[in-house]
Amino acid sequence: MPENIIIDTDPGQDDAVAILLALASPGDINVLGIVAVAGNVSLGQNAKNALKVVELSGRTDIPVFAGCARPLRRPLVTAEHVHGQTGLDGPDLPEPQKRIEDGHGVDFIVDTLRREPEGSVSLCALGPLTNIAMALIKAPEIAKKIKQIVLMGGAYFEVGNITPTAEFNIYVDPEAADVVFSSGVPIIMMPLDVTHQMLSTHKRIEAFEALGNRTGAAVAAMLGFSERFDLEKYGWNGAPLHDPCVTAYLIAPEIFEGRQCNVTIETASELTRGMSVTDYWHVTDRPKNTFFVRSGDSDAFYALLTERLARLP
Ligand code: BDR
Ligand code: CA
């Protein structure tokens with residue numbers, strides 16, 4: 001039986017690839033809906049990007065909602081310097097014909113979970129955790145409906161990418177991340193520690209281009225754009241591919257390795273705001289709230305992506 005999921009996202013080239021992987025895999029994943037959140041760029045632009053990605057995949061049956069326009073307590077920090085002015089620079093995608101659904105994205109999450117059986121829906125978080133925190137605050141009873149929250153965010157051994165100590169998604173809304181990590185819902189965390197192993201080398205980007213479909217060409221253009229910033233920053237032979245680790249985990253968890261430990265979010269310090277403090281060595285008795293993924297097989301990851309994206313138009 002395919003796993004029921006809701007994708008919460010701020011697309012983002014890497015978010016787009018994560019969404020395309022899910023939409024290409026109906027035998028494994030049933031996408032109940034996509035909810036945009038403010039993050040890489042504004043909420044409005046992120047929602048529009050989500051529509052473009054859905055249209056690219058040909059799966060226009062998937063509803064797209066708009067959620068929160070800013071973090072719980074902080075002004076929004078964006079990342080045009082990484083993703084471009086549109087947030088999805090690179091491919092030349094048409095203006096979407098599909099429309100954002102009526103109703104607020106947080107209400108979509110709450111109403112959907114209320115309808116579904118206990119422990120049956122996985123939430124996939126690819127951006128700041130504002131919408132998911134809001135849903136848990138608005139309707140705490142939905143926590144028991146969530147099977148797991150699989151999220152891209154945080155870091156421990158790799159520490160930070162937007163500040164020396166924080167990863168972007170957690171940094172943008174640390175209070176929301178704190179709500180999520182304190183919720184008691186099982187969390188699978190894809191931190192920089194694993195995403196920094198998933199490098200989109202030229203050979204891997206060429207393999208997307210060589211698929212010969214419009215999705216492969218668009219993905220190659222997305223990754224070609226977003227790697228510019230990262231290649232200069234890190235000096236590696238490819239840029240990290242973050243968010244697709246989330247949807248790849250749902251399809252092929254054997255690609256990844258990690259351990260159960262406590263993760264607590266720093267919200268008070270200005271210096272280390274949004275740090276995901278991970279008790280990897282079990283030196284406290286804090287509850288083990290998170291499956292922290294530390295490594296993954298990058299060849300298997302890219303093989304899965306290429307094989308699945310070949311199935312799309
Ligand atoms: C995360 O930040 C965003 O810019 C990416 O889409 C990813 O979700 C990586 O730190
Ligand atoms: Ca993202």
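Counting starts at 1 for both ligands and their atoms, in listed order. Remember, predicted model here, so these are calculated numbers, not experimental data.
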**Q** Any idea which protein heavy atom is nearest atom 9 (C) of ligand 1, and the distance to it?
**A**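 For atom 9 (C) of ligand 1, the nearest protein heavy atom comes out as E167 OE2, 3.2 Å.
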**Q** How about R204 and S298: does a side-chain donor come under 3.5 Å of a side-chain acceptor?
**A** yes
**Q** Nearest 0.5 Å please: distance from the CG atom of L151 over to the CG atom of D243.
**A**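 Answer for the CG-CG pair, L151 versus D243, is 10.0 Å.
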**Q** Examine ligand 1 and decide if any of its atoms is less than 4.0 Å from a heavy atom belonging to V82.
**A** no
**Q** Can you measure from CE (M190) to OH (Y249) and round to the nearest 0.5 angstrom?
**A** 6.5 Å
**Q** Sorted by first residue and then second, give each ring-ring contact (aromatic ring centres under 6.0 Å, His included) pair with at least one member in residues 291-313; sequence neighbours left out.
**A** Y280-F292
**Q** Can you tell me which residue and heavy atom of the protein come closest to atom 3 (C) of ligand 1, and the distance to 0.1 Å?
**A** N40 OD1, 3.2 Å
**Q** Cluster question for you: counting only ILVMFWY and a side-chain heavy-atom cut-off of under 4.5 Å, with indirect links fine, are L129 and Y171 together?
**A**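 In one cluster: no.
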**Q** Which atoms of ligand 1 sit under 4.0 Å from any heavy atom of F168?
**A** 2 (O), 3 (C), 4 (O), 10 (O)
**Q** State, to the nearest 10 degrees, the angle whose vertex is the Ca ion (ligand 2) and whose arms point to OD1 of D10 and OD2 of D15.
**A** 70°
**Q** Output the list of atoms in ligand 1 that are nearer than 4.0 Å to some heavy atom of D14, sorted by atom number.
**A**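 Once the distances to D14 are compared, the set is 5 (C), 6 (O), 7 (C), 8 (O).
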**Q** When you check the side-chain N and O atoms of D279 and T284, is any donor under 3.5 Å from an acceptor?
**A** yes
**Q** By number and element, which atoms of ligand 1 are closer than 4.0 Å to a non-hydrogen atom of L126?
**A**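 Checking each atom against L126, I get 8 (O).
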**Q** For the Ca ion (ligand 2), decide whether L126 has an N, O or S atom at a distance under 3.0 Å.
**A** yes
**Q** Strictly under 3.0 Å, is the Ca ion (ligand 2) approached by any N, O or S atom of D243?
**A** yes
**Q** Which residue owns the protein heavy atom closest to atom 8 (O) of ligand 1, what's the atom, and how far is it?
**A** D243 OD1, 2.7 Å
**Q** Looking at ligand 1, does Q13 have a heavy atom less than 4.0 Å from it?
**A** no
**Q** Answer yes or no: is there a donor N or O on one side and an acceptor on the other, between the side chain of Q148 and the main chain of V150, under 3.5 Å?
**A**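 It does not hold such a pair.
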**Q** Short list, please: which atoms of ligand 1 are under 4.0 Å from a heavy atom of M152?
**A** 1 (C), 7 (C), 8 (O), 9 (C)
**Q** In this structure, is the centre-to-centre distance between the rings of H242 and F168 below 6.0 Å?
**A**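 They do not qualify: ring centres at least 6.0 Å apart.
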